[in-house]
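Before I ask anything, here is the structure I am working with.
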Amino acid sequence: MTHVALDLAVDFSAKRLAGTATLDLQARPGASEIILDDKGLEIAAITTPDGKPLAYAVGATDAILGAPLTIRIGAARKIVIRYKSAPESGALQWLSPEQTAGKKHPYLLSQGQAIENRSWIPTQDSPGVRQTWEAKIRVPAALTAVMSAPKAGEPVTRGESRTFSYKMNKPVAPYLIAIAVGDLAFRDLGPRTGVWTEPAMLDLAAAELADTEKMVAAAEALFGPYQWGRYDLLVLPPSFPFGGMENPTLTFLTPTFIAGDKSLTSLIAHELAHSWSGNLATNATWADFWLNEGMTTYATTRIVEAVYGPKVAAQQIALGIDAMNSAVTDNGGPSGADTRLHIDLKGRSPDDGLTDIAYEKGAAFLRTIELAVGRERFDVWLKGWFSRHMFQPVTTSIFLADLRQHLIKGEPALEAKLQLDRWVDQPGVPDNIAPADAQAFAQVDSAVTAFKSGKQPDAATWTSWTTDEKLRFLTRIDQRQPTKRLAALDQAFNLARAGNNEVRFAFLTLSVAARFDPAVPALEQFLLVQGRRKFVRPLITALAEDKTWGRPIAARVYAKARPLYHPVTTRDLDKLGLIAPAPLRP
Ligand code: BES
Ligand code: ZN
């Protein structure tokens, strides 16, 4: 499959996308069939472009992968699939007007990574495949459709509907095709950057994103020219399941990163960095996911250092190392198989690899290499890596071979020092890891020590701290606190209702562990106003696991909150058995 052309109508009342996907194929002479990925698509017909029907069969459904769609292509090298997505498509979320900021219009959003796009596009849905693509999307005339590609002409209004056209001329992996439809407005942030969001959110979003153009410039200086033309951002409704998603030319963002003080904008640096690590050089399989996320996490702190200075970067690295260590604990300790960078996903969902091992152990690996060879030499290699592998899939072994050829160049002492194979194939964290700067949080760390002996930071100290410093404090104090200590913290700093969502989440996590009743209304509200999986999944899971105190709260709140959450979030949370399964449809 080398090119996909979508021609789809967005039907909000049926919760379906319906139309055609036309696929260009490249095949061996004599090849007689193609197998596509299909998750719940309703296929009406598959034909050649001139309408000659092609035989096809949908195989047995696998709960994780969906079903193989086998098409007898004969001599055809272009095929037209007429289909509809199912209302329960795992990629798509259909929001009612009440679930948007404006309350007037419905909203559609998609999330393709890792293997969700097969629920709305019949495709070879592997990250090791690349295709160019284009789309014509018909929506109700009041709405705007945006996608992860440059627009191809102005929208055409005909009667009650408008058709938007997009075209991606660079080959991308299928998980990077994305769509959102809603009442959207746009504002420029810089010459090649801008923000899309609902009109009611535009001022807030644009203010928070004011550093975007600077970040693109910093990233180009580090990693080489930006290859995608524009870098725009879409700030979605709060049900968007991730912090951000690096859809090419149009990063998708949760609105929960808006803190009013740009303190959570390393998220933007992260999604922007994927324009190189991930979108140019793409993990060939989901077992190589650390190459996408570990490189991006490393690259994020480099951008943050360039834009916000070395102290902020050192602090974020230190927070990352704590997160890595927690991930090791959560994944079976230093000998746990899932603490390996190159993980084994046989028979499993790629979602199992979405841990801070990929992100933070991956980043630590790259920092370790940087420290060993020096920044100057490392940066030459890094730029070279992106230019050597742009628009290509990369595996862990391609990465190691490239390092050996272009960076280590046969220096035995360096090879021995780095322990490359140990880093990628073995569990746990090698002892040559580049350490966090022990002084990065010196002041906060003494406050943590003082807290242990009963002394709480005073208000002046707390308010003088940056968000990262507050997070260091809240994640470094004992995670099982007596309720009276949480009450004192909450009283002094209003943490259960903190305006900064990361700070609030950290405090609510402590509150659930301590069964701190006074925080329950704020907790409930937090779970009802946003659906970011990183926030809602751990909180609801921890509540559900506390059989006497927490579970009734989880059951009550999840029943109310579930309609707000994206399918990738409810899919996991439903497994907790908090609410009775929906009756089977007749
Ligand atoms: N590409 C990821 C999100 C993702 C990964 C979605 C795997 C589905 C499967 C994105 O770049 C990401 O890492 N988002 C983080 C942001 C953070 C680490 C700054 C998130 O959403 O929390
Ligand atoms: Zn990422």
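Note that ligands are numbered from 1 as they come in the structure, with each ligand's atoms numbered from 1 the same way. Keep in mind that this is a model prediction, so the values were computed, not measured.
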Report, in ascending order of atom number, the atoms of ligand 1 lying under 4.0 Å from any heavy atom of Leu354.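 Once the distances to Leu354 are compared, the set is 5 (C), 7 (C), 9 (C).
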Just one of Thr339, Leu341, Asp338, Ile343 clears the side chain to side chain contact (heavy atoms under 4.5 Å, CB included) bar with Pro427, so which one?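 Checked Thr339, Leu341, Asp338, Ile343 against Pro427; only one passes side chain to side chain contact (heavy atoms under 4.5 Å, CB included): Thr339.
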Below 30° counts as parallel, above 60° as perpendicular, anything between as tilted: where do the rings of Phe399 and Trp290 land?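 Aromatic pair Phe399/Trp290 classed perpendicular.
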To check your reading of the model: name the closest protein heavy atom to atom 15 (C) of ligand 1, its residue, and the distance in Å.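 Here the nearest protein heavy atom works out to Glu271 OE2, 4.1 Å.
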Holding to side chain to side chain contact (heavy atoms under 4.5 Å, CB included), I want the full list of residues that pass it with Thr251, two or more places apart in sequence or in another chain.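 Listed in chain order: Tyr231, Leu233, Leu253, Glu271.
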Lys534 N/O to ligand 1 N/O under 3.5 Å: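 In fact, backbone or side chain, Lys534 has no N or O that close.
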Answer yes or no: does atom NZ of Lys15 have more than 12 heavy-atom neighbours from other residues, nucleotides or ligands under 6.0 Å?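 12 or below, so no.
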Is there at least one pair of N or O atoms, one from Glu246 and one from ligand 1, spaced under 3.5 Å apart?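 The answer is yes, given that Glu246 and ligand 1 share an N or O pair closer than 3.5 Å.
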Can you sort out which atoms of ligand 1 are near Met245, meaning under 4.0 Å from one of its heavy atoms?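 Here the atoms of ligand 1 in question are 1 (N).
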Hey, can you tell me if Phe505 and Phe535 have their rings parallel, tilted or perpendicular (30° and 60° cut-offs)?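 Phe505 and Phe535: tilted rings.
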Do the ring planes of Phe378 and Tyr298 sit parallel (below 30°), tilted (30 to 60°) or perpendicular (above 60°)?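 Geometry flag for Tyr298 against Phe378: perpendicular rings.
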Do Trp385 and Phe223 have ring centres separated by under 6.0 Å?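 No, the ring of Trp385 stays outside the 6.0 Å limit from the ring of Phe223, centre to centre.
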Take Leu495 and Leu474 through the side-chain contact (heavy atoms from CB on, under 4.5 Å) test and state the conclusion after the steps. CA-CA 10 Å; Leu495 296 181; Leu474 293 172; 4.1 Å; yes
Charged N-O contact under 4.0 Å between Arg532 and Glu502: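 Salt bridge: yes.
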Heavy-atom distances under 4.0 Å decide this one: backbone, side chain, both or neither, for Gln113 against ligand 1?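 It is both backbone and side chain that touch ligand 1.
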Judged by non-hydrogen atoms, does Gln111 sit under 4.0 Å from ligand 1?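 Flag set, Gln111 near ligand 1.
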Top protein contact for atom 2 (C) of ligand 1, by heavy-atom distance: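 That would be Glu293 OE2, 3.3 Å.
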Have a look at Glu293 and say which of its N, O or S atoms is nearest the Zn ion (ligand 2).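 When I compare the N, O and S atoms of Glu293, OE1 is nearest to the Zn ion (ligand 2).
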Enumerate the atoms of ligand 1 whose separation from the nearest heavy atom of Leu267 is less than 4.0 angstrom.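 Result: 16 (C), 19 (C).
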Compute the shortest N/O to N/O distance between Gly243 and ligand 1 and return yes if it is under 3.5 Å, no if not.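 N/O-N/O distance below 3.5 Å exists for this pair.
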Winner among Tyr175, Trp286, Tyr359, Phe240 once heavy atoms are compared against atom 18 (C) of ligand 1: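 Closest candidate by heavy-atom distance is Tyr359.
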For atom 10 (C) of ligand 1, grab the closest protein heavy atom and report residue, atom and distance to one decimal in Å.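 It is Gly244 O, 3.2 Å.
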